[in-house]
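Here is the structure we will look at, set down as structure tokens.
Letters go in sequence order (proteins before strands), and every chain restarts at 1. Only heavy atoms go into these numbers, but all of them, side chains included; no hydrogens, no water, no symmetry mates.
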Amino acid sequence: MEPLLIELSSPGRVGFSLPSLDVPESELPNDLVRDDLTLPELSEREVVQHFTRLSQLNFSVDTGFYPLGSCTMKYNPKLNEDVARHPGFAQIHPRQDQSTVQGALQLMSELQEYLAEITGLPAVSLQPLAGAHGELTGMLVIRAYHLNRGDDDRHTVLVPDSAHGTNPATATMCGYEVITVRSDHRGNIDVQELDRLMDHRVAGLMLTNPNTLGLYEEHILEVAEIVHRAGGLIYCDGANMNALLGIARPGELGADVLHLNLHKTFSAPHGGGGPGGGGTAVTEELRAFLPIPVVGRTAGGGSDGGAEYYLDYDRPLSIGPVSSFYGNFGVMVKAYAYLRSLGGHGLRTVSENAVLNANYLRQQLTGYFELPYDRPCMHECVFSGKAQARLGVHTLDMAKRLIDLGFHPPTVYFPLIVDEALMIEPTETESLETLDAFVAAMRQIAREAEDAPELVRDSPRTTPVGRLDEVGAARKPNLKWQA
Amino acid sequence: MEPLLIELSSPGRVGFSLPSLDVPESELPNDLVRDDLTLPELSEREVVQHFTRLSQLNFSVDTGFYPLGSCTMKYNPKLNEDVARHPGFAQIHPRQDQSTVQGALQLMSELQEYLAEITGLPAVSLQPLAGAHGELTGMLVIRAYHLNRGDDDRHTVLVPDSAHGTNPATATMCGYEVITVRSDHRGNIDVQELDRLMDHRVAGLMLTNPNTLGLYEEHILEVAEIVHRAGGLIYCDGANMNALLGIARPGELGADVLHLNLHKTFSAPHGGGGPGGGGTAVTEELRAFLPIPVVGRTAGGGSDGGAEYYLDYDRPLSIGPVSSFYGNFGVMVKAYAYLRSLGGHGLRTVSENAVLNANYLRQQLTGYFELPYDRPCMHECVFSGKAQARLGVHTLDMAKRLIDLGFHPPTVYFPLIVDEALMIEPTETESLETLDAFVAAMRQIAREAEDAPELVRDSPRTTPVGRLDEVGAARKPNLKWQA
Amino acid sequence: MSSYIPNTDADRARMLEALGSDSVDQLFEVIPAEKRFPALKLPGPLSEMEVKTLLRGLSEKNADLDHHPCFLGAGAYHHFVPSVVDHIIGRGEFYTAYTPYQAEASQGTLISIYEFQSMVCALMGMDVANASMYDGATALAEAGLMAARATRRYKLIVASTLNPGYRRVLRTYTQGIRMEIHDLRRDDDGRVDAVQAEELIDGETAAVVVQQPNFLGCLEDLAPLSELAHQRGALLVVCVDPISLGLLKPPGELGADIAVGEGQSLGNPPSYGGPYVGLFACRQQYVRQMPGRLVGMTTDAEGRRGFVLTLQPREQHIRREKATSNICTNEALVALAAATYLAAMGKAGLHQVAELCYHKAHYAAREIEGLPGYERVLGDFFKEFVIRTPVPPAEVNKRLWERGIIGAYPLAADYPELTDCLLFCVTEMNSREQIDQLVGALRGIGR
Amino acid sequence: MSSYIPNTDADRARMLEALGSDSVDQLFEVIPAEKRFPALKLPGPLSEMEVKTLLRGLSEKNADLDHHPCFLGAGAYHHFVPSVVDHIIGRGEFYTAYTPYQAEASQGTLISIYEFQSMVCALMGMDVANASMYDGATALAEAGLMAARATRRYKLIVASTLNPGYRRVLRTYTQGIRMEIHDLRRDDDGRVDAVQAEELIDGETAAVVVQQPNFLGCLEDLAPLSELAHQRGALLVVCVDPISLGLLKPPGELGADIAVGEGQSLGNPPSYGGPYVGLFACRQQYVRQMPGRLVGMTTDAEGRRGFVLTLQPREQHIRREKATSNICTNEALVALAAATYLAAMGKAGLHQVAELCYHKAHYAAREIEGLPGYERVLGDFFKEFVIRTPVPPAEVNKRLWERGIIGAYPLAADYPELTDCLLFCVTEMNSREQIDQLVGALRGIGR
Ligand SMILES: Cc1ncc(COP(=O)(O)O)c(C=O)c1O
Ligand SMILES: Cc1ncc(COP(=O)(O)O)c(C=O)c1O
């Protein structure tokens, strides 16, 4: 495999070319000057070769099917990449006078509006930098809301056992105690238990809809009713919005706060793990608490020659800013381009196709793998590898076998409430042929689990490295090179 | 391996998004409208996946060492790619009024000057689109020169037996009969034979310096003298200019005409086989014959507000245009950026390092492979695989074995005067470590040729396909898919 | 040392030591001292940042089509290029490789060329297409040479409605060899004169060379020409606009033996005239006479499908002075752009582009003809049309430019009888708003 | 159907048939009819070409730094980005992958993160660095939280010379939990007040939080603070400008236990505030308290080296409400840009950038102080410095903008005592010509 940069480094090599100093030198603060800086030394050619080779070691959406559940690994339109790199977007400074960045502010303002329209929640902050950051923002908004009403006795938050890990982690960061709510036999939140747990000490419920089982919460209106009745609010984790675009508005289903994942639903690429965008939408009631600044628009529309769009900091009830500036602007540009490309009807076809694709996989794999909750799914479906596990072939083994068959594995071992979970999200950008090829591979693996379990357990074989010693890695962590 | 587009196609898929018609329809010329168009039908995602996967099947400079002799596979700076894509360069129409493209014309004018300075030949046409196209241009210029002097009895052209195939092919296209001149035992053109062949019926000599053996023509001044004395001209194939930048000017060594390969020497990438740039430089005497248009500059420097740079068509002795417009402008931008990055001294270091790298390889591999002409080389060195061939391992086998060892093979079986030729051009952009790794691989193969000839003969094994049936391919050509 | 050169002084010292040399200069002693190491008078080196700024500055001295409506065509076209194209040709594995001599290490390039050949054939209705020629003009010239080879005749009858630049390049290419070239005039409708064709095409004729739609935008009637040519043993060479083939009958259906064209429109920006790509296709029987590279499908020892350069004995590196052409490096990356474009647009997309061009051009033509003083001359057309203007064409363009519009192509230099005419081109890139803006401006100018 | 959705009506029909459904709508029957299928009031769909034009238009409404000299810093910087960076992060295999959960299929991302971690450590002189935080502000906030976890103390002493935005984000992050935050004022030189530090830092203090160079550009003296903090069992958290570390002593050498910083300067454009990347490093002993992802080196069964996500039990997906942070998606691609940048610049390059900034900023400062009416306030600095202006800062900026110059950052809102001051930033992107232009303009404005 490709060596590390430091192994490729050779003293005196340079990969940069900088202008020479064109001003007189000044005296350096010698007591503060460092002695040494052990960065690698390589020519430009070597840098490019290294990272190009590294890139080829990756599976990616551009090179194949990547049905990683909960992550919405849809195809990222190349158009978006191009427009986001325009110097008028990339080369503007966040502290420029607002009159000189009206195009950027207009884009943000319109994006706020579009997301409000899609979610049915009228007030939007684009500042959160990823989904979990949106959760933090939203839960702090909920907290501020209660406190502002003088309701300072709410110290707990309810979180379903199927929730994504960021939900309870977020609640903790906001100072809440987490109470876990069970799911029922249909994969819904257990309404009776919810009813029992909900009281005036509960700030709210963190709900995911469709939930992490890929299932629509059948009692969502009732759930919202129960929570609201007790004075709580509904935080809706919108990571799964790819199922609901133009299908239903969370704001009309009882959500008070919802974060979106611009890097999932709105096609901004995942970047190997970010950057994301966690735009957060709230009800009118909660608007005042959103982070500062939000983008505003002057009523007069700047017709007097003044700036039309502006950054609104004058929000005394705001929870404060949650990041350095105004959010991941570059990601917003991509989401904006995507929304303008599709329009309202186009968005609905996105969700329709995402859901149809997932149901097709669900149907085609039923009988080969256990389906813990046997009902139509939304944009993803969750199987259990329990049957195979009984044969000694675990979900992890099957995931690795899929790699050998040319597919990125689904999300595995999540949600936690499904044993040996396999969480498959095809997205709308995959063709029927791809789904069929994936189905064939999965069925083959199910067969192999019976006939040739070793084959599955010993995979992957086609990758530059085999299964890695994770225990060893954690026991004696080697987290950087020794220069 | 990746299927073909047509195999991925499915009726009704679309990968495009076009604006709807915003004007009234007009009647179509129905008798001229085609019935069917069998292009593939794919979504954007599928198109991207297909070509991305294809790309990964290639060896390339960005992913490894590519010592393909005579081709100067140097690293192509990314800067050049970026600047060439600027809308002010890419989005200008060749028929725009010249006053609206002064930046483009200035770039071309300056590039002409720089190339003149480098070659020592003052008049430059950037119009030729590749090396061979420059040869055609240059040989037609030579022809026009003779004819213009009333010297219409010159029907032959001398071409050394070591010459690249484009040389004799070009001479034929210009209506000349080709007479081959032998090389001597030091790899130089045989001066005595030249002297014998040269007379008033010879239009000129097509010489390559350094020649395709990677050797400097030791008698070049004498050769030029012989040719010129008999009224002939020297066409110099400048494909190997990477050896001579700031080292020597062909124009001072007797060349009357020289083409450059912008895609080799001047770092424009090779594009999988083009586009190239074959800028051609000639003596003052031949200037009048260059293709129209060339880029001119007004004496007044446009100071009167008029355009400074212009396309000069008013050249009655010109051979005429050789291509649709003014040459591969995009390639010129890259060459220009490269020249401005390096400057004159930088160019010299390019050639110094290219030549040093080649000599190092020559020295390190001597003893392992036969060196037919044992003297210091210039930017490349040519070995013979004869010794290995005697063991039943041919140069082709060794080339394929190199693929398995991670290297693109050198040029093989060229020049024709070397049996089992291996023509190795490292370029200046490769590091000593890379050269050493390549040396190790070559030595290993030399060893294997003795110890494990099968291993070499059965390679490559690591590629998506093994050696292909070329005979079958030529016997029953399948040159397109059956839709 | 430059960031492009990895080796350091220490590296060089090690290498020199291995060579037993004292200095790099020694390697060049073979060059006479007085010719050695000329001091190049070039501008000094610049850092990356400075080069970027310098080139941005130069590029911004040009008026680009992103910012100006443009009605120029005449051999280079402003068509839409989907974003995917640049992303694909921007893959280092494609653009930093070279001609796929080593098939096993080059299947990516080989397959993409095979697909390019296949799609060019589909587009043109021809049997075989090569891996690319330099551009439209040189493809046309090579077609003339090939027709002569195939027929062993040395006379070409060339329509005066063929791109005048291409006609000139054909003359350049053939100036050293035996080749008679006769111009075939046009009729009043702007199409090849059938009567003169009948006179000129004879038993010595290697080929009749025409363009469809022709340089003046008009749609030729190829059937009679094809019949005539074939009757007399000549080939029919047709030069096409590939975009028009989204809508129009392909040359293969119209009797062409060789079809060529400029492929720039297929996914490539106008780029001030290059890099472009020559499309070149012909009937099966002439395949061994073709210039340029060909990729074919074959198998390896295990029966796996693979692709190779094939029929190489036509080429210069094998046949040298007997090769069908001297071409070596071609326009592979531009061909890849075209292949990507055709894959992305597909059947429906190319059709839609062609229709958009057709309808928009006709709308524009009607609107302009409706203006006082302007007259459309010549016959049916595709996306380009000729307008006689009430003030001199140069003046029209100047005044359009005052409004930020890049005007049309003045025909005076190439067609003296059309001195007061402009050749307009309208594509899918011209919104109705732009067209209306043009029409409004022309109205003002005509007053 | 959209070009982004491959399936056709026929495909959908086949799938519905397999499902035994009549229509796609049926799949959504679980949603109450009255909530189902809201008509979204969004602008209609646009073609690719139209979106391109629309976004070009919006972008061109902004004044960009390619075309305007700029002297703004204050947390976002205009540094040179070598071309290679964008080429690497533009590789589909990198930017269309996600978090490398499946190590065998993600070695490219994993190795690049390991290298990023290694280079951040080298830069900062720290033992371990994570795979990235969202940005500088959130990295700082997480450092505050981590300090509390590590010390089980809940008081932070925060320098008023720390970026005011970061201080606000720290307050936002800690508003729901037990955390006391005390401001530590500055002295007249613009550095942390040593006397007050002595008073505030006590046995309850989790950490002292400072910035180097600080928000006002000044170079703090960290040695006494470090000593003080460590004496009292508190951690030292230092927020750095990574570019300055090309020249200046790393926080690890100055006693930092946790070092954070904004990584935007390392190969990323200012991009109107994001995406940026938070750098986060600490001493070895605190590694299990770290937030965010970590990549470690290990081996496979055959002993081959490989890389994996490690120490995951700190993270939300394993530990849920007990995780060290809720962070999941981070800024991987921006970190990759930083890694590419650091690899390309290397040891010498980063040093040179830092020196260029230093000398240019000092040149500019000297020139400006020399102007009548302008005064430089506060002490030694790196690339940012504070100038008291003779006319109100907003007016200065307005008049600079009239000359096309993007001015400096007004300090009034954050530092009322510096109401008449501007924070200037000068980097390697500012040529002497630009600086002289600025100085000339300021002279005119001061008159
Ligand atoms: C259901 C769910 N919620 C929240 C998140 C957190 O989003 P992010 O990773 O953008 O912080 C994720 C992402 O993995 C998710 O799948
Ligand atoms: C020595 C030599 N001459 C001429 C050529 C022809 O150049 P091009 O391929 O650009 O037409 C080549 C290229 O392969 C060459 O190596």
Side-chain angles (χ1 to χ4, degrees), chain A residues 15-16 22-23 26 34 39 41 47 51 54-55 57-62 83 86-88 90-91 93-95 100-101 103 129-130 132 165 168-170 172 174-175 178 216 269-276 320 324-325 328-329 343-344 352 360 431-432 463 465-466 468-469 473 478 480-481, chain D residues 6 11 15 24 30 40 42 44-45 55 58-59 61-66 88 91-93 95-99 104-105 107-109 118 134-135 137 172 176-177 249 269-270 272-275 296-298 300 306 310 316-317 320-321 323 326 329-333 344 346-347 349 362-363 432:
Chain A
F16 66 92
D22 57 357
V23 299
S26 300
R34 74 188 296 162
L39 289 177
E41 298 172 81
V47 172
F51 285 105
L54 285 192
S55 75
L57 301 175
N58 272 2
F59 276 47
S60 68
V61 173
D62 272 8
V83 296
H86 203 291
Q91 298 295 346
H93 192 286
R95 304 235 190 236
T100 68
V101 288
L129 301 171
T170 299
T172 302
C174 297
V178 173
Y216 187 84
H270 290 67
S324 296
F325 292 104
N328 278 341
F329 178 70
E352 285 178 356
Y360 180 73
S431 69
L432 178 51
T463 44
V465 289
L468 292 161
D469 179 5
N478 173 336
K480 68 167 194 210
W481 62 48
Chain D
D11 296 326
M15 294 162 82
V24 175
V30 61
L40 299 183
L42 295 178
L55 275 112
L58 280 175
S59 78
K61 282 190 187 176
N62 304 320
D64 66 62
L65 307 192
D66 278 357
I88 295 305
R91 301 263 322 158
E93 297 94 323
Y95 76 81
T96 74
Y98 201 19
T99 309
E104 302 88 343
Q107 287 294 303
T109 295
S118 300
Y134 299 132
D135 66 6
T172 304
I177 57 175
K249 278 202 169 36
Y272 205 52
M297 188 192 284
T298 184
D300 69 5
T310 193
Q316 46 74 28
H317 62 288
R320 301 180 71 83
E321 62 271 18
N326 71 339
T329 294
N330 53 30
E331 303 283 328
L333 197 71
K347 183 191 177 90
H362 284 74
Y363 170 74
R432 180 180 190 144

Under a 4.5 Å heavy-atom cutoff, which of [options] has the most pairs with chain D?
{"options": "A:Gly343, A:Gly103, A:Gly175", "answer": "A:Gly103"}
{"options": "A:Val83, A:Leu54, A:Thr463", "answer": "A:Leu54"}
{"options": "A:Ala130, A:Pro168, A:Pro87, A:Ser431", "answer": "A:Pro168"}
{"options": "A:Gly272, A:Cys174, A:Gly276, A:Gly344", "answer": "A:Gly272"}
{"options": "A:Asp469, A:Val465, A:Leu432", "answer": "A:Leu432"}
{"options": "A:Gly320, A:Gly15, A:Gly466", "answer": "A:Gly466"}

Measure the spacing between [atom1] of [X] and [atom2] of [Y] and express it to the nearest 0.5 Å.
{"X": "D:Glu93", "Y": "A:Phe51", "atom1": "CD", "atom2": "CZ", "result": "14.0 Å"}
{"X": "A:Phe16", "Y": "D:Lys347", "atom1": "CZ", "atom2": "NZ", "result": "11.5 Å"}
{"X": "A:Arg95", "Y": "D:Tyr272", "atom1": "CZ", "atom2": "OH", "result": "11.0 Å"}
{"X": "D:Thr109", "Y": "A:Leu57", "atom1": "OG1", "atom2": "CG", "result": "9.5 Å"}
{"X": "A:His270", "Y": "D:Thr329", "atom1": "NE2", "atom2": "OG1", "result": "7.0 Å"}

Taking every heavy-atom pair that is under 4.5 Å apart, which of [options] has the most such pairs with chain A?
{"options": "D:His317, D:Lys61, D:His362, D:Arg432", "value": "D:Arg432"}
{"options": "D:Gly44, D:Ala137, D:Ala63", "value": "D:Ala63"}
{"options": "D:Gly296, D:Gly306, D:Gly273", "value": "D:Gly273"}
{"options": "D:Asn326, D:Asn330, D:Leu333", "value": "D:Asn326"}
{"options": "D:Gly346, D:Pro269, D:Ser118", "value": "D:Ser118"}

Less than 4.5 Å to any heavy atom of chain A: does that hold for the side chain of [X], its backbone, both, or neither?
{"X": "D:Val30", "answer": "both"}
{"X": "D:Ile88", "answer": "side chain"}
{"X": "D:Ala323", "answer": "side chain"}

Open item on the list: Looking at every heavy atom in both D:Glu321 and A:Thr172, which two are closest together, and how far apart are they?
Closed with: O-OG1, 2.8 Å
Task: Minimum heavy-atom distance D:Pro275-D:Glu331, with the two atoms named - done: CB-OE1, 3.6 Å
Open item on the list: Checking side-chain polar atoms at under 3.5 Å, does D:Ser59 have a donor or acceptor matched by the opposite partner on A:His86?
Closed with: yes
Open item on the list: Under a 3.5 Å cutoff, is there a donor and acceptor pairing between the side chains of A:Ser324 and D:Tyr134?
Closed with: no
- [ ] Taking the side chain as every heavy atom from C-beta outward, state whether A:His93 and A:Thr100 have any atom pair closer than 4.5 Å.
- [x] no
Task: Heavy-atom contact with chain D under 4.5 Å, split by part of A:Glu41 - done: side chain
